[in-house]
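Both ligands and their constituent atoms are indexed starting at 1 by order of listing. Just so you know, residue 1 is the first one in the sequence shown, and it goes up from there.
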Amino acid sequence: MRSGICQRLLSLCLAVGVMCSCPMSVAGIEENEAIVYQRKNDRLDIALTFDDGPHERYTEEILDILAEYGVRATFFVIGENADRYPALLERQLSEGHEIGNHTQTHPLRNLTREQMEQEITACETTIGEWVDKRPLLFRPPGGIISQTVMALAEDHRYRVILWSIDTRDWAHPPVAQITKTVLDQVSAGDIILMHDGIKTDSPTPDALRILIPALLARGYHFVTVSELLAEEG
Ligand SMILES: [Zn+2]
């Protein structure tokens, strides 16, 4: 299973050049259980995750769709976007969604340990203005895993969350391609990667309007990532 996930991550890397690296390729952390891709269960629970928001248009649209179906999700927010649109962060929280740390500015270049630590803590401070509890989940920008990221996550008591299904919505594929990707691959325990922070022409809301009822019809339940991880089995 992991090699399949790895191959999908590698294809993402190839598609975007140096945007991300496969976690399995990083020396020393190949078998690190601290990286979560999915959590198998027998209750048909799955987790939708949305990265890079809040976005003034798409986050709102996605929240409306989630509310229509009574579905909760996990948003990995960029701190500077949360600073810009605090009302959207408040709405996410008030409607029961989970907020994760996706750094303050979403750097995709190599950072020193100090720079990355600052990115993590700045985002945490931003989120902390709105939530009672500090975020527990961290998703590195681009899914880039390094020993520095893992060490900082441990120091700051974060779970590192990647994904088992990549919709590649950020690349603006046709909506039908996104829905096929998910519906062909999905199984209980999957963590599905989508984005609410796509700058323009996002296919994500239209894909969700098809995916959510289709997945509900197959018996899946949508939970937050922390709920998925808290479950047994
Ligand atoms: Zn991102």
Side-chain angles (χ1 to χ4, degrees), residues 5 8-23 26 35-38 47-63 73-85 88-89 92 97-111 115-127 135-146 148-150 152-153 156 158-173 178 181-182 190-205 207-208 224-225:
I5 293 165
R8 290 201 288 279
L9 286 171
L10 275 173
S11 63
L12 170 68
C13 303
L14 291 171
V16 298
V18 295
M19 186 175 172
C20 71
S21 61
C22 172
V26 179
I35 304 170
V36 177
Y37 303 90
Q38 62 193 168
L48 287 174
T49 64
F50 297 94
D51 289 10
D52 298 355
H55 181 284
E56 59 181 333
R57 173 179 168 187
Y58 298 122
T59 302
E60 188 103 57
E61 212 173 325
I62 287 168
L63 285 170
T74 302
F75 290 84
F76 287 93
V77 304
I78 297 174
E80 62 181 9
N81 290 344
D83 274 333
R84 203 170 293 142
Y85 304 111
L88 289 171
L89 196 71
Q92 289 168 337
H97 303 294
E98 182 167 27
I99 304 294
N101 186 329
H102 199 40
T103 73
Q104 183 68 10
T105 69
H106 204 273
L108 291 170
R109 64 191 186 285
N110 281 334
L111 298 185
Q115 288 170 325
M116 182 52 90
E117 182 154 39
Q118 191 178 4
E119 285 282 339
I120 292 171
T121 55
C123 183
E124 188 173 310
T125 301
T126 298
I127 298 170
L136 304 172
L137 310 178
F138 176 67
R139 176 172 281 165
I144 301 171
I145 297 290
S146 66
T148 298
V149 162
M150 297 309 297
L152 286 171
H156 291 263
Y158 279 104
R159 299 295 298 274
V160 175
I161 309 299
L162 293 183
W163 53 83
S164 51
I165 296 180
D166 182 0
T167 64
R168 296 173 52 83
D169 58 345
W170 52 268
H172 300 92
I178 295 175
T181 296
V182 175
D190 274 325
I191 296 174
I192 300 170
L193 172 64
M194 303 184 93
H195 294 78
D196 60 325
I198 295 171
K199 289 190 170 41
T200 57
D201 302 318
S202 173
T204 309
L208 279 176
T224 65
V225 169

Worksheet item: Relative to the Zn ion (ligand 1), which of the N, O or S atoms in H106 is the closest?
Response: NE2
Fill in: H195 N/O/S atom closer than 2.8 Å to the Zn ion (ligand 1)
no
Worksheet item: Any luck finding a side-chain donor-acceptor pair between D196 and H55 under 3.5 Å?
Response: no
Fill in: Side-chain donor/acceptor of H102 to backbone N/O of R139, under 3.5 Å
yes
Item to complete: Please name all residues satisfying ring pair (Phe, Tyr, Trp, His ring centres under 6.0 Å) with F76, sequence neighbours left out, ordered by chain then number.
Response: none
Worksheet item: Is the distance from the Zn ion (ligand 1) to the nearest N/O/S atom of D52 under 2.8 Å?
Response: yes
Worksheet item: By side-chain hydrogen bond (donor to acceptor under 3.5 Å, both in side chains), which residues pair with E119, not counting sequence neighbours?
Response: T105
